[in-house]
Amino acid sequence: MEDTFREQIKEDIELLQKKLSWDPHIKKDEYTFNYWVLSNLYNLDEEACSSNITEYNDKGIDCYVHYEEDKELYIVQNKYYDTNTKLSSKELSDFLTRPLSKLNEGSYNKSRDLQDIYTKVKKDEDYKIFLHFYVTNDLTNSDLESVIKDHDQNKAFAELFFLKAIEEKYFGKSYKDHPKLNTNLNIKNKGSYLAIRPKEYELPHMSEAYYVMAKVSDVFQLWKDAEDRQYPLFEENIREYLGGTSGINKGIITTLKDPKERNNFFYYNNGITIICNKAKANSKSIEIYNPQIVNGCQTVSSIAEVLKNEEDYKESYSDVYVMVKILVLENKNTNFYRDIVKYTNSQNSINEKIFGATLQPFFTVKKKLLNYGILLRVKQSDRFQFKERYSDQKLSGELRNVANNNSQELYNFERLTELQIELETLLQIIGALFRDAYFAYQKKKYLLKPTSKEYYQSFSCKINELLTTESMSKLVFLYKRAEKDQKDSEDKKTPSPYYLINFIGHYLREIGLNARIFFDKVTSDDLNFVYNNFKMLSKKYIDSHDKKEYNVIINEKIDKKLMDHTLNTHIQALQEYNKKEYDKLKEIFEKMKI
């Protein structure tokens, strides 16, 4: 599997190099790997990543990510190594000390933005700062592990990802053999647990459940047993979110490490929710069969982070407790199970795209878009599932025919990869239409974060209210056309797909035409005509920014006055110098109002 995943990274890098050829350093694979890490592991838009990559050839930091809503700052170093190149402990140690030292001094001059962000957040106790180091092989050793272990996690959480861990972060951990696990949580006395047994209490509408004041050491033992047996302790969607241990919480760790404070842990923490298919309880312990943690992943990961470095954790943490809620559900394939996972995590940072993408409407869109020949990648694994399913040339050909019949004038699909589009990209396209290009470029990292009310709950979850699936398919065809023309253009930047769609959405609002009605009614031939008349607007808009670089412009908010000026100047020029084109364009939009 290692070779397969390395090949996947190499293939992705080659695609990125074609797409981002305007970056002068993009030809070097080790540099492009920064783009790969930022876009695939931190969910930033590929084109907008360049502002997060620090000065080329900088030895301290390769890139950074700031999640302001979540109060998280990631400082990243990447090593695009072959299978034989070893990482030295000095390289790792330098990364864990030098960047923070420079940032604390206020003297990090490779990225003014990063220094400003760090200066602003370093005194905020709620902020979490992470040091992430990625290496594209699996040549680990005890020296490297010691460097990580000896690092002061109170300053910043440090984590080293070798290839296997990168793969797990990319896909989420997957366990093919589905091993079983039984565990015991000790009960201090009868007063420290509550059992809800519906049959005994004549509560047929309820499910069997237990509330236990459990020892932190027992929770750690559960985590350790699961790791040793490669048992999927975390519910599938949350397990994919975790990747490594980047979900650990600084506040939890600080409390557990403090001998005076740790006994209050029970009162400070919201607890852990476990679902299992069977449980037995008596006055001394509760036995749990095949447990899965659906809430409290940060708590469990943080407990593990602290206790795994304690030689006598059972003695040191003998009086440290955490509330554990255990729900017995024999069948996981129910809406009730999914709702428990969703609602118990509504106030936690289970906010990565893999969890957010599990909303049922996204799978409905995926199924419906298939009728138009479009393969929507909702999960990371969809890429490989599509490749396997459509390896049959006949099936692949039939799907291309469906897509080409629907896209007609707009796009001619030739390869299976062209038929695919990621869920986040679809959301970005719709966002560019109804919001703007800045939304598409800069808010991608929040579009599938369930904790984001503004972007996930108020936008992503409601795309079915904005557009029909047929309209979405037309938008995808339009995006594909712009993306192809951008790759083929001389400057490799225009037409910018998000700016192009932004201009169409902006014009529709200007003339008082609903975007849903327009895309429902417009034919491929008419949409192709609109595209040809609007495709140069993004270049005119970008060129109007005096001497600003492309990567700077796409990271800035839309200049609405400049957009209005660009659009109005174009329409006036058509009216004066190409009346025939103007009349046809006007006719296309006017007939949509009827």
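Numbers for residues simply follow the sequence, beginning at 1.
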**Student:** Would you confirm whether N40, through its side chain, and V37, through its main-chain N or O, come within 3.5 Å as a donor-acceptor pair?
**Tutor:**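 The answer is no, because no donor-acceptor pair under 3.5 Å joins these two groups.
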
**Student:** List for me each residue that meets side-chain hydrogen bond (donor to acceptor under 3.5 Å, both in side chains) alongside Y81, sequence neighbours excluded, and say none if there are none.
**Tutor:**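 Partners of Y81 under the side-chain hydrogen bond (donor to acceptor under 3.5 Å, both in side chains) test: E91.
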
**Student:** Given 3.5 Å as the limit, does a donor-acceptor pair link the side chain of S452 with the main chain of Q457, or not?
**Tutor:** no

**Student:** Would you say T273's side chain and N295's backbone share a donor-acceptor pair under 3.5 angstrom?
**Tutor:**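 Checked: no pair found.
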
**Student:** With S51, which residues qualify under side-chain hydrogen bond (donor to acceptor under 3.5 Å, both in side chains), at least two apart?
**Tutor:**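 Expected list: N555.
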
**Student:** Which residues pass the side chain to side chain contact (heavy atoms under 4.5 Å, CB included) test with K164, not counting sequence neighbours?
**Tutor:** D138, E168, Q230

**Student:** Checking K102 now: which residues fulfil side chain to side chain contact (heavy atoms under 4.5 Å, CB included) with it, not counting sequence neighbours?
**Tutor:**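 Expected list: E105, S107, Y108.
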
**Student:** Run the salt bridge (Lys or Arg N to Asp or Glu O under 4.0 Å) test against E145 and tell me which residues pass, sequence neighbours left out.
**Tutor:**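 Testing E145 for salt bridge (Lys or Arg N to Asp or Glu O under 4.0 Å), a comparison that skips the adjacent residues, returns none.
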
**Student:** Have Y441 and Q428 got a donor and an acceptor in their side chains that come within less than 3.5 Å?
**Tutor:**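 No.
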
**Student:** So, for F439 and Y498, is the gap between ring centers shorter than 6.0 Å?
**Tutor:** no

**Student:** Are there more than 12 heavy atoms of other residues, nucleotides or ligands under 6.0 Å from atom CD of E549?
**Tutor:**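 12 or below, so no.
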
**Student:** Pick one: which of Y127, F130, Y74 meets ring-ring contact (aromatic ring centres under 6.0 Å, His included) with H66?
**Tutor:**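 Among the candidates, only Y127 passes.
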
**Student:** I'd like to know if the side chain of K122 reaches the main chain of N104, judged simply by a donor and an acceptor atom lying under 3.5 Å from each other, with no hydrogens or angles considered.
**Tutor:** yes

**Student:** Does NZ or CZ of K169 lie under 6.0 Å from the centre of the six-membered ring of Y42, at an angle within 45° of the ring axis?
**Tutor:**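 Here K169 passes the 6.0 Å and 45° test against Y42.
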
**Student:** Can any side-chain N or O of S39 pair as donor or acceptor with the backbone N or O of E46 at less than 3.5 Å?
**Tutor:**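 Between the backbone of E46 and the side chain of S39 there is no qualifying donor-acceptor contact (under 3.5 Å).
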
**Student:** List the residues meeting side-chain hydrogen bond (donor to acceptor under 3.5 Å, both in side chains) with Q8, not counting sequence neighbours, and say none if there are none.
**Tutor:**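 With neighbours one apart ignored, the set is D12.
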
**Student:** Checking K493 now: which residues fulfil side chain to side chain contact (heavy atoms under 4.5 Å, CB included) with it, not counting sequence neighbours?
**Tutor:** W22, D491, Y550

**Student:** With sequence neighbours left out, what residues match K90 under salt bridge (Lys or Arg N to Asp or Glu O under 4.0 Å)?
**Tutor:**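 Salt bridge (Lys or Arg N to Asp or Glu O under 4.0 Å) list for K90, sorted by chain: D94.
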
**Student:** Under 3.5 Å, side chain of Q17 to main-chain N/O of I26, donor-acceptor pair present?
**Tutor:**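 Checking the backbone N and O of I26 against the side chain of Q17, a donor-acceptor pair under 3.5 Å is found.
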
**Student:** Can you sort out the partners of K86 under salt bridge (Lys or Arg N to Asp or Glu O under 4.0 Å), two or more places apart, ordered by chain and number?
**Tutor:** none

**Student:** Near E68 CD, under 6.0 Å, is it more than 12 heavy atoms from other residues, nucleotides or ligands?
**Tutor:** no

**Student:** List the steps, then state whether ring pair (Phe, Tyr, Trp, His ring centres under 6.0 Å) holds for F95 with F133.
**Tutor:** CA-CA 8 Å; F95 172 67; F133 201 116; 5.4 Å; yes

**Student:** Kindly check if the number of other-residue, nucleotide or ligand heavy atoms within 6.0 Å of NZ (K257) is above 12?
**Tutor:** yes

**Student:** In sequence, state the C-alpha distance, the side-chain angles, and the governing distance for T83 and N137, and then conclude on side chain to side chain donor-acceptor pair (under 3.5 Å).
**Tutor:** CA-CA 5 Å; T83 55; N137 60 41; over 6 Å; no

**Student:** Does H151 use its side chain to pair, donor to acceptor, with the backbone of V147 at less than 3.5 Å?
**Tutor:** no

**Student:** Can you list everything that forms a salt bridge (Lys or Arg N to Asp or Glu O under 4.0 Å) with D124? Sequence neighbours excluded, please.
**Tutor:**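 Only K71 meet the salt bridge (Lys or Arg N to Asp or Glu O under 4.0 Å) criterion with D124.
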
**Student:** Determine, step by step, whether Y170 and W36 satisfy the ring pair (Phe, Tyr, Trp, His ring centres under 6.0 Å) criterion, reporting the C-alpha distance in whole Å, the side-chain angles of both residues, the deciding distance to 0.1 Å, and the verdict.
**Tutor:** CA-CA 11 Å; Y170 181 86; W36 187 92; 5.7 Å; yes

**Student:** For T97, what residues pass the side-chain hydrogen bond (donor to acceptor under 3.5 Å, both in side chains) criterion, not counting sequence neighbours?
**Tutor:**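 Partners of T97 under the side-chain hydrogen bond (donor to acceptor under 3.5 Å, both in side chains) test: none.
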
**Student:** Kindly say whether I253 contributes a backbone atom to a donor-acceptor pair with the side chain of E305 at under 3.5 angstrom?
**Tutor:**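 Looks like no, no N/O pair under 3.5 Å.
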
**Student:** Roughly how far apart are K79 NZ and L92 CG, rounded to 0.5 Å?
**Tutor:**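 The CG atom of L92 is 10.5 Å from NZ of K79, to the nearest 0.5 Å.
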
**Student:** Counting only N and O atoms by type, is there a donor-acceptor contact under 3.5 Å from the side chain of Y35 to the main-chain atoms of I53?
**Tutor:**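 Judged by distance alone, no pair lies under 3.5 Å.
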
**Student:** Among all residues two or more places apart in sequence or in another chain, which pass the side chain to side chain contact (heavy atoms under 4.5 Å, CB included) test with D116?
**Tutor:** R112

**Student:** Can K449 be said to sit on top of Y67's aromatic six-ring, NZ or CZ under 6.0 Å from centre and within 45° of the ring axis?
**Tutor:**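 Yes, K449 lies over the aromatic ring of Y67.
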
**Student:** Has N502 got a side-chain atom pairing as donor or acceptor with A437's backbone, closer than 3.5 angstrom?
**Tutor:**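 Such a contact is found between N502 side chain and A437 backbone.
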
**Student:** Hey, do the aromatic rings of F162 and Y134 have their centres closer than 6.0 Å?
**Tutor:**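 That pair fails the under 6.0 Å test.
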
**Student:** Centroid separation under 6.0 Å, is that true for the rings of Y411 and F413?
**Tutor:** yes

